Amino acid sequence: EAIYNGVPVLAIPGSPYTEEVGYRVAELGVGTRLPRTELNVDTVRDTVADMLGDAGLSGRTRQMQEVFRRSGGARKAADRIEQFLT
């Protein structure tokens, strides 16, 4: 949802599923993964400040936002599922 709205992600994984999401966000360059073990006020503040000052991060997030918006969203997904089922 954040990327769809053009906002970089600060991923703080709390489970194996979200851990994978955090790695992928960082790998794609559309956000930062912050392990829970490093979670404190100063780390979050510094990480967010770095993210806000990173023009490359903003640009990659806007590019991914366009990809998401061109994909067709939930309506297209539902249409594809119905096509598959028929």
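Counting from 1, the numbers follow the sequence of the chain as shown. Note that the coordinates shown come from a computational prediction; the quantities given were computed from them, not determined experimentally.
- No continuous path of ILVMFWY side-chain contacts below 4.5 Å connects Val41 to Met51, so the two sit in separate hydrophobic clusters.
- The side-chain contact (heavy atoms from CB on, under 4.5 Å) test applied to Leu39 returns Ile12, Leu34, Val44, not counting sequence neighbours.
- Partners of Glu19 by side-chain hydrogen bond (donor to acceptor under 3.5 Å, both in side chains), not counting sequence neighbours, listed by chain and number: Arg33.
- Under the salt bridge (charged side-chain N to carboxylate O under 4.0 Å, His left out) criterion, no residue pair touches residues 1-17, with sequence neighbours excluded.
- Evaluation of the side-chain hydrogen bond (donor to acceptor under 3.5 Å, both in side chains) rule for Arg24 yields Glu27 as partners, not counting sequence neighbours.
- Taking Ile, Leu, Val, Met, Phe, Trp and Tyr as hydrophobic and joining them when side-chain heavy atoms fall under 4.5 Å apart, one finds Tyr23 isolated, its cluster having no other members.
- Judged as a side-chain hydrogen bond (donor to acceptor under 3.5 Å, both in side chains), and not counting sequence neighbours, the contacts of Thr43 are Asn40.
- When all heavy atoms are compared, the tightest approach of Gln65 to Gly6 is NE2-N, 3.4 Å.
- Residues in residues 64-73 take part in no salt bridge (charged side-chain N to carboxylate O under 4.0 Å, His left out) pair, two or more places apart or across chains.
- By the rule that hydrophobic residues join a cluster once side-chain heavy atoms approach within less than 4.5 Å of another member, Val21 and Met64 end up as members of one cluster.
- Looking at heavy atoms from C-beta onward, Thr61 lies out of side-chain contact with Val7 at the 4.5 angstrom threshold.
- Contact detail for Gly22 and Pro13: the closest heavy-atom pair is CA-CG, 4.4 Å.
- In the hydrophobic clustering of this structure, Val30 does not group with Leu10; members are Ile, Leu, Val, Met, Phe, Trp, Tyr whose side-chain heavy atoms approach within less than 4.5 Å, directly or through other members.
- Within the structure, every pair that satisfies the salt bridge (charged side-chain N to carboxylate O under 4.0 Å, His left out) test and touches residues 38-65, not counting sequence neighbours, is listed here: Asp42-Arg45.
- Membership of the apolar cluster around Phe84 extends to Ile81, Leu85, as traced through chained side-chain contacts below 4.5 Å between ILVMFWY residues.
- In terms of the side-chain hydrogen bond (donor to acceptor under 3.5 Å, both in side chains) criterion, residue partners of Ser15 (sequence neighbours excluded) are, by chain and number, Thr18.
- Applying the salt bridge (charged side-chain N to carboxylate O under 4.0 Å, His left out) test to every pair with at least one member in residues 77-86, sequence neighbours left out, gives no pairs at all.
- For Val9, the side-chain contact (heavy atoms from CB on, under 4.5 Å) criterion is met by Ala2, Ile3, Ala11, Val25, not counting sequence neighbours.
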